[in-house]
Amino acid sequence: MAEELSKGFEPKEIERHWYAYWQEHGVFAASDAPDDVRPRYVLPMPLPNVTGSLHMGHALMCTIEDVLTRAHRMLGFNTLYQPGTDHAGIATQVVVERQLKRDNLTRHDLGREKFIERVWEWKGECGSRIVEQQQVLGLSADWDRSVFTMDAGYSRAVREAFVRLHHEGLIYRAKRLIYWDCTAQTVLSNLEVDSEEENGELYEFAYPVEGGGEIVVATTRPETMLGDSAVAIHPDDERYTALHGKFVLHPFLDRKIPIVCDAILVDPNFGTGAVKVTPAHDFNDFETGRRHQLELIEIFDAEGRVNAAGGSFAGLERFEARKAIKRALDERGLARGSKNHRLMIPRSQRTGTVVEPMLSTQWFVKTEPLAKPALEAVRTGKTVILPEEWAKTYEHWMTNILDWCISRQLWWGHRIPAWYCEACAHTTVVNAESLAACEKCGSDSIRQDEDVLDTWFSSALWPFATQGWPDDTLQLRRFYPASDLETGYDILFFWVARMMMMGLHFMGEPPFKRILLHSLVVDETGKKMSKVVGNVIDPLDLIYGSEFENVVQKALPGAPLDEALKKFKKAYPSTASMGASFEAYGTDALRWTLCSYSPHSKRIPLSPKKIEGNRHFCNKIWNATRFALGYVEGATVGPDAPKATLLINRWLLQRLDDACVEAKRGIDEFRFDDATARLYQFFWGELCDWYLELSKPVFASEDEAPRNETRDVLAYTLEATLRAMHPFIPFITEELWQRLPKPVGSPVSIALSALPVAGVGRADPDAVRDMAIVQAVIGAVRTIRSEREVHPGAHVPVILRVGDDVLRAMLEQERMSMETLMKTSSLVLIRPGHERPDGGAVGHVAGVEVLVLLKGIVEQAGETARIERELKKAQKDIDALEKKLAAKGFADRAPPEVVKETEEQLAAHRERVRVLDAARSFAEEL
RNA sequence: GGGCGCAUAACUCAGCGGUAGAGUGCAUCCUUCACACGGAUGAGGUCACAAGUUCAAAUCUUGUUGCGCCCA
């Protein structure tokens with residue numbers, strides 16, 4: 001047995017040690033053995049960006065997934081937690097381009113080949129930082145199977161998927177209005193664009209109407225007027241009835257523009273009620289253009305500069321053009337003022353640039369035929385979404401799904417396997433890295449499409465491309481479909497929905513049985529974590545501890561320290577009482593905390609105080625075990641609960657069973673909050689607060705039989721409880737479990753032991769009922785002692801008057817327990833009506849009259865007030881119950897058991913009143 | 001504008017048809033031989049508002065108000 005436990009729980013060394021131990025012993029490995037007949041549990045890890053680093057969202061996700069993984073492993077499943085990393089096309093390319101920019105270089109200076117080499121180099125430099133950080137969190141992924149989305153095998157799968165979809169007509173190339181990132185100079189899918197409300201202005205200017213007069217339009221983007229091909233008004237707007245069918249004249253370009261009526265685009269109450277329409281650079285306008293067959297006039301080039309269509313404004317950058325246009329309108333006397341306006345600005349998720357709607361030729365996935373089966377799978381319950389409210393969101397998105405633009409004008413990624421023939425204009429689409437000749441005419445004058453695929457296209461294949469697809473491998477058969485897919489709801493559309501579509505299409509069945517969605521980690525006040533707000537917390541700072549000064553320097557780099565600290569404290573009010581740093585809370589405390597939030601609330605307001613509290617819980621576990629270790633030596637721990645005769649032992653085994661059943665249910669139903677709360681309550685509230693306290697007099701007694709029984713029950717329960725908690729807090733449970741007596745033949749690690757399920761304890765409802773009475777009686781004495789300010793060290797005589805003979809006999813049995821926790825030297829059990837000495841306080845619980853003799857212990861009488869208070873409370877309850885019973889229809893329409901229960905409650909309260917009332921004099925006899 | 005969701009103790013949140021729960025915080029007492037990262041006790045809530053369904057509503061329905069998020 002290892003060295004003695006330290007007085008307090010110190011996570012750091014333990015965590016390092018056991019993670020290495022698990023890896024050494026291959027604890028995380030899934031089995032490929034053909035004869036392995038265990039049921040399978042497969043969880044594909046949402047792949048982090050290869051160059052990324054761990055944030056709070058990862059910590060939450062990884063923790064939840066590892067709990068699921070560990071629990072299933074302990075339930076006897078052949079468990080695969082499939083790890084991997086994503087090449088993250090645009091994100092990675094943007095970072096490397098920024099690095100080049102420092103040397104005043106662009107990717108074009110290097111050329112495609114050299115640039116890609118450079119990205120690979122950087123990937124190497126980042127190494128496996130993210131993976132190491134995930135390991136700090138204790139993830140039990142099968143790291144030997146880790147897959148990178150640019151691996152040769154995975155790349156082949158990506159090309160295969162593209163080629164097949166293309167041949168089936170589900171991928172096509174077309175010119176469409178898309179979102180254009182002028183910085184990265186690539187198209188983005190609508191999901192990669194985030195719109196945020198920002199300050200802007202609503203600018204008004206007048207278009208001269210042909211034949212005289214003018215119409216004033218309101219716009220947030222005056223520069224796009226260069227591409228206007230209509231002015232729209234509401235057909236019912238009486239202000240403009242006279243203008244129906246007329247034209248306006250473009251002030252800068254030689255163009256006549258129609259005035260059209262459109263009830264969909266125009267809100268007559270907004271702005272001037274007249275809207276300029278730019279179909280080539282706005283999605284709503286594009287649709288309007290379709291409805292009215294308007295001309296599409298493109299006015300920007302790829303860098304966001306005005307093109308030749310902009311006449312004298314050509315060459316100006318977008319925002320310069322805005323100023324120039326406003327100036328020009330002003331000069332022509334057409335400006336009609338402006339006002340401040342909040343508007344949604346769409347920005348690229350990766351570069352932060354305001355994206356530009358542009359017309360462009362791109363590759364698209366035809367989503368509707370793919371979405372149908374994906375929708376069906378959820379509707380029929382083949383795939384279940386939890387929490388279920390998300391099913392509605394999924395349904396809504398899938399039924400309104402748009403075609404998915406999958407080409408990107410980037411270099412880092414899977415190059416589109418399409419070759420254009422210069423001789424015959426045929427497009428060859430084949431699964432190959434290079435192609436020699438056109439498949440149609442045989443010409444070698446071909447060139448490959450320059451673009452790469454959207455990263456999400458490759459990750460959509462994750463559940464099967466990781467297992468060897470398109471080959472029919474043993475792995476693929478064994479580990480597809482996955483069991484659960486767990487991820488943040490923010491990538492429900494990006495990733496989950498697309499995996500559903502691809503999985504169903506290529507494999508014929510949905511990629512997972514359940515989709516589990518967790519919430520977003522936000523700061524303590526409910527705000528999103530962001531670099532701008534300065535409220536980002538690095539999970540490693542919580543695990544290893546960190547001065548707040550360090551924390552905020554990372555959260556708000558470059559900002560003055562005072563300011564950063566102020567923002568941080570505001571975002572995390574609970575740190576006010578924490579001094580100047582996070583202590584090292586350890587992975588377990590962080591994991592437990594993250595699991596304790598309900599998945600139903602969409603936000604998880606991270607509270608450092610809560611993590612601190614859960615480190616205290618770990619410390620409690622540590623010390624309770626330290627206490628137990630002093631007594632459990634030589635205990636026999638078998639596979640089943642030991643025999644128990646003592647009430648505390650019988651009770652504990654029943655409560656153990658209850659706790660484990662509920663914890664298991666919580667895990668099964670994706671309610672880790674319930675599971676952790678129950679285990680917390682059992683360990684602290686029952687095992688520590690009651691059982692350990694009550695075991696002390698047993699261990700101190702002379703009697704060997706009860707001592708041995710208690711020793712065995714304690715050892716058994718503690719060992720089982722550690723197993724039940726292991727999925728949530730793997731490190732501390734392993735450390736302590738290794739030191740406890742265990743059943744013979746226990747595995748090398750708690751991670752491979754069995755998760756306790758129903759039957760781990762022993763059913764004993766009588767014990768629970770009796771123990772509740774003992775607890776209530778002890779509580780009554782404690783309350784009286786506390787309220788009458790009896791010194792905690794003082795021993796006071798207690799008399800219990802009990803009418804029920806069976807009950808009195810039971811309490812007599814528990815004399816030792818009660819004497820210890822009541823701190824009494826003289827406990828007497830008598831029948832009601834039996835004589836009693838003078839002076840004291842009275843309580844009444846569970847049919848037991850509790851008399852605490854205070855004569856000579858407290859000076860003054862003064863019990864009357866307390867009794868009056870109790871009586872008043874009881875009377876209030878009686879009134880409510882009587883009212884309920886008397887209410888018309890209750891007796892005959894409510895279920896009989898409810899009526900009976902109500903009557904019993906009423907009787908109990910009346911008895912209580914009778915006893916308390918009779919005790920008034922007793923209280924004044926001091 | 002469309003969709004989804006939330007309003008419960010000072011704070012953060014569970015509960016979702018039978019007379020309100022947890023953690024933290026607060027108050028009082030206790031350094032008792034596992035733990036002061038501890039123990040005991042206590043205070044604190046017309047469950048946003050209004051109407052309805054029901055024998056019974058924090059819990060179901062509708063409306064109102066306030067607040068989030070997603071999509072446009």
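Scope of the values below: all heavy atoms of this structure, side chains included, with no hydrogens, waters or symmetry mates. In what follows, every chain begins at residue 1, and chains take the letters A, B, ... in the order their sequences are listed.
For the P atoms, the distance linking B:rC13 with B:rA51 amounts to 29 Å, nearest Å. For the P atoms, the distance from B:rU8 to B:rU46 is 12 Å, rounded to whole Å. Nucleotides B:rU65 and B:rG18 have their C1' atoms positioned 30 Å apart, rounded to a whole Å. The P atoms of B:rG15 and B:rG52 are separated by 29 Å, rounded to the nearest whole Å. Taking the C1' atoms as reference points, B:rA58 lies 10 Å from B:rG17, given to the whole Å. For the P atoms, the distance linking B:rG23 with B:rC4 amounts to 36 Å, nearest Å.
Closest to the A:Phe890 side chain, of the nucleotides B:rU12, B:rC55, B:rC35, is B:rC55. Across B:rU19, B:rG18, B:rA34, the shortest atom-to-atom separation from the side chain of A:Val898 is found for B:rG18. Ranking B:rC37, B:rG39, B:rU19 by closeness to the A:Asp877 side chain, first place goes to B:rU19. Comparing B:rC70, B:rC30, B:rA14 against the side chain of A:Pro792 picks out B:rC30 as the nearest. Here the side chain of A:Tyr489 is nearest to one of B:rG42, B:rA34, B:rC69, namely B:rC69. Of the candidates B:rC69, B:rC35, B:rU19, the closest approach to any side-chain atom of A:Lys7 belongs to B:rC35. Residue A:Leu692 places its side chain closer to B:rA34 than to any other of B:rA34, B:rU32, B:rC70.
Residue-level contact check: A:Pro573 touches neither bases nor backbone, having no heavy atom under 4.0 Å from any strand. Within 4.0 Å of A:Ala624, counting heavy atoms only, lies at least one base atom of the nucleic acid. Using a 4.0 Å heavy-atom distance criterion, A:Cys688 is classed as a base contact. Counting any heavy atom pair closer than 4.0 Å across all strands shown, A:Gln905 reaches a base atom. Nucleic acid contact for A:Leu520: none, since no nucleic acid atom lies under 4.0 Å from a heavy atom of the residue. Looking at heavy-atom distances under 4.0 Å, A:Lys392 makes contact with sugar-phosphate atoms alone, never a base. Counting any heavy atom pair closer than 4.0 Å across all strands shown, A:Ser607 reaches no nucleic acid atom. Residue contacts for A:Arg678: at a heavy-atom cut-off of 4.0 Å it reaches no nucleic acid atom on any strand shown.
Checked for salt-bridge contact, A:Glu287 and A:Arg291 miss the test: no charged N lies under 4.0 Å from a carboxylate O.
Each of A:Lys876 and A:Val193 lies near RNA chain B, and the nucleotide nearest A:Lys876 is the one positioned closer to the 5' end. Mapping A:Phe9 and A:Pro605 onto RNA chain B by nearest heavy atom places A:Pro605 closer to the 5' end of the strand.
More than 12 heavy atoms of other residues, nucleotides or ligands shown are found within 6.0 angstrom of CD on A:Glu669.
Checked against a 6.0 Å centroid threshold, the rings of A:Phe672 and A:Phe670 count as neighbours.
Considering only side-chain N and O atoms, A:Ser598 lies under 4.0 angstrom from the phosphate OP1 or OP2 of B:rA14. In this structure, A:Lys528 reaches the B:rC70 phosphate: one of its side-chain N or O atoms is under 4.0 Å from OP1 or OP2.
Counting atom types as modelled, A:Lys696 pairs a side-chain N or O with a base atom of B:rA34 as donor and acceptor under 3.5 Å. In terms of polar N and O atoms assigned as donor or acceptor, the side chain of A:Glu287 never comes within less than 3.5 Å of the base of B:rA72 in a complementary pairing. At a cut-off of 3.5 angstrom, counting only N and O atoms as typed in the model, there is no donor on one side facing an acceptor on the other between the side-chain of A:Lys888 and the base of B:rC55.
Taken residue by residue, residues 579-596 of chain A places no heavy atom nearer than 4.0 Å to RNA chain B.
Across all strands shown, B:rG38 pairs with B:rC30; the Watson-Crick or G-U wobble distances both stay below 3.5 Å.
No hydrogens or angles considered: a donor-acceptor pair under 3.5 Å links the side chains of A:Thr593 and A:Asn614.
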